[in-house]
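Written below as structure tokens is the structure these notes are about.
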Amino acid sequence: MQGGLEFIRTMGAARLAAMGAVGVGLIGFFAFVILQLSSETMVPLYTDLDFEDSGAVVRQIEQRGIPYELRHEGATVLVPESKVLRLRMDLASEGLPTGGGVGYEIFDRGDTLGATSFVQNINHLRALEGELSRTIKELDRVSAARVHLVIPERRLFSQDTVSPSASIVVKTRGSLDPAQIRAIRHLVASAVEGLIPMRVAIVDDTGRLLADGSGEADPGSATALDDRRRAMEQQMRLQVENIVGSIVGPDRVRVQVAAELHHNRITETTDQYDPEGRVIRSSQLREESTQSKDAGAGEATVGNELPGAEAGGAAGGASENVETTEEITNYEISRTSKTEIIEPGSVKRLSVAVVVDGIYTQADDGSITYAPRAQDQLDRIAALVRSSIGYDVDRGDTVEIANLRFAAAPQSLPLQENDSLLPTFTKGDIMRFAELGVLFLLGLLVLMFVARPLVRRILAPDATGSAIGTALVTAEADGTAAPADGEAATPQLTGPPGLDAQAAQLPGPPTFDALDLAEQMSEVQAASLRKVGEMIEQNPNEAVAIIRNWIHEPAT
């Protein structure tokens, strides 16, 4: 303890203050690094908020005393990761975020008692539009939606009715397929009384018409056929790209499909008769019988009563008996009648063009070489394409497979069997590792280039102490050298830098007698002692420290 206290006293106030400043700075720096490492990760609570929703969310967060951050001009709100789920549930119970519109909560206000019917109808329309916008926004590929409804007013004693209509503007992530567009139209139509899906128009944020809303339900219209053709081409293109991309690589294939559809409605009626399939329809049987008898004598007949008739001419004549049978049978022949209506939109002809890239190999020196694919592999790819599109020779379908080198080489080659898969990290993990690496490097630089030089400079003895030590050593030394070859030696003086310079300037002949030499040496030593005394008086602490070090040094 005594040694430590003496060391602190010998350091002086200036050095202690400097060491304290360096210590405080290092403590503050490492405290900041530790806080950054131990602080909880901030994750997005909501993104793409408008100013109204962002302000309402921030007010609720501040009331709960939760730290938060705002980014992207307030559109994104970040909170600690451990509180994001609970906070979302709490805000959802408060009806936040509203999605930039107002829903049925507009009727929760207390000022609706004195509202007129017109205001109530407007509020109902606003609420319905807001609720539909929120529902459409919940879809995966829809980031924002805005709905406008036109609901005609019902008039008394009016026979003409106008059906409602709706227009929707959506902001999408990617593109919507026809099935999703139909789903949005049916969703809106089911929520509005009297609205049919064909009266719903949909436009995306780029101004592209997704559904016209003209009310035409005819599947043979030009617009419906164009939509059907595009959907069919897109579906077939995706099918071919998936099956071929799994062989040559997802970025090494290009597919184009051209579909030609029938635009005419055809009605066919067919009657077929089967002669082997007979059925009795009706049957008729007719029988006739005729009988004749012998003419007796004296029989009164017409022939006997005629003038000139021979008497007894008919006597002895015989009668004739005739029987006739007639049968008529009607048969019904089997008949099949078929009426077939072919609606427009059936496939008339398909044309598919597929371009595949070649094979790339990487040498040991890192160079990449290109080689075309074998013809048998192209034939197998063509067979797969024909099977996937429903190839029909009678229909005149064509499939072309070409192997050409793409202008852009692949960014990375496929993994070989001996290649090892690296662990996958999320974007948040990579950013966290980068942050830790930067903080570690910054701490190392501060220790090496800031703290270490400052500590060494504080602990190193100053120039004054070094000069006192050198002067004390010089005062103990005699400073004379033995003469050589019988000649008197020239005095060699050792002392502080200033004393050495003064001794070097002393004049004297090359040889001195003993008396003159002693006088000169005594004067030099006296001057050195006076100089050392002045330095000790000016810096007593340094002188005491040096003498104490000498005392504790082992004897040699």
Side-chain angles (χ1 to χ4, degrees), residues 159-161 163 182 186 194 196-198 214-229 231-232 235-236 258-352 383 386-399:
Q159 297 180 354
D160 298 334
T161 59
S163 61
R182 289 196 300 271
H186 283 274
I196 59 176
M198 302 307 298
S214 60
E216 296 180 0
D218 186 9
S221 61
T223 303
L225 290 178
D226 288 341
D227 294 341
R228 180 181 177 84
R229 178 182 57 81
M232 185 181 299
Q235 182 180 3
M236 290 185 178
E260 184 178 354
L261 305 181
H262 287 284
H263 289 261
N264 298 327
R265 180 182 284 105
I266 301 174
T267 303
E268 294 181 354
T269 303
T270 304
D271 293 335
Q272 295 180 353
Y273 296 93
D274 185 8
E276 300 298 333
R278 296 181 301 174
V279 179
I280 297 176
R281 182 177 182 181
S282 62
S283 179
Q284 181 179 3
L285 179 62
R286 187 178 62 176
E287 295 181 356
E288 294 182 359
S289 179
T290 305
Q291 294 180 356
S292 299
K293 296 180 179 181
D294 293 336
E299 184 178 2
T301 61
V302 176
N304 293 332
E305 298 296 330
L306 291 176
E310 294 180 357
S319 63
E320 182 179 5
N321 187 7
V322 179
E323 294 182 359
T324 304
T325 303
E326 180 179 0
E327 182 178 1
I328 300 175
T329 304
N330 296 324
Y331 291 92
E332 189 71 33
I333 301 177
S334 177
R335 173 188 176 187
T336 302
S337 298
K338 182 175 65 175
T339 300
E340 183 178 2
I341 300 176
I342 301 175
E343 295 291 342
S346 59
V347 179
K348 184 178 181 181
R349 186 171 178 269
L350 287 177
S351 299
V352 181
R386 293 190 186 97
S387 300
S388 63
I389 66 172
Y391 180 80
D392 189 356
V393 179
D394 299 334
R395 198 169 53 191
D397 297 347
T398 58
V399 175

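Sequence positions, counted from 1, serve as the residue numbers for this chain.
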I need the [X] [atom1] to [Y] [atom2] distance, nearest 0.5 Å.
| X | Y | atom1 | atom2 | answer |
| --- | --- | --- | --- | --- |
| Glu343 | Asn264 | CD | CG | 11.5 Å |
| Gln284 | Asn330 | CD | CG | 8.5 Å |
| Leu261 | Met232 | CG | CE | 5.0 Å |
| Arg182 | Met198 | CZ | CE | 10.5 Å |
| Glu260 | Lys348 | CD | NZ | 4.5 Å |

Closest non-hydrogen atom pair between [X] and [Y], with its separation:
| X | Y | result |
| --- | --- | --- |
| Gly345 | Arg228 | O-NE, 2.9 Å |
| Tyr391 | Val399 | CD1-CG2, 3.9 Å |
| Glu327 | Ser283 | OE2-OG, 4.2 Å |

Residues in side-chain contact (heavy atoms from CB on, under 4.5 Å) with [X], at least two apart?
| X | value |
| --- | --- |
| Ser163 | Arg199 |
| Asp274 | Glu276, Ser334 |
| Ser387 | none |

Go through it in stages, so that I can follow the logic: the residues are Glu340 and Thr270, the test is side chain to side chain contact (heavy atoms under 4.5 Å, CB included), and I'd like the CA-CA distance, side-chain angles, deciding distance and then a yes or no. CA-CA 8 Å; Glu340 183 178 2; Thr270 304; over 6 Å; no
Can you list everything that forms a salt bridge (Lys or Arg N to Asp or Glu O under 4.0 Å) with [X]? Sequence neighbours excluded, please.
| X | value |
| --- | --- |
| Asp271 | Arg335 |
| Arg386 | none |
| Arg395 | Asp397 |

(Q) Taking CZ in Arg229 as the centre, count heavy atoms belonging to other residues, nucleotides or ligands within less than 6.0 Å. Is the count above 12? (A)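 Counting neighbours around CZ of Arg229, more than 12 heavy atoms of other residues, nucleotides or ligands fall under 6.0 Å, so yes.
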For a side chain to side chain contact (heavy atoms under 4.5 Å, CB included) check, start with the C-alpha distance between Ile341 and Ile266, then their side-chain angles and the critical distance, and finish with the verdict. CA-CA 6 Å; Ile341 300 176; Ile266 301 174; over 6 Å; no
Begin with the C-alpha distance, continue with both residues' side-chain angles, and end with the deciding distance and a verdict on side chain to side chain contact (heavy atoms under 4.5 Å, CB included) for Glu323 and Thr325. CA-CA 7 Å; Glu323 294 182 359; Thr325 303; 6.0 Å; no
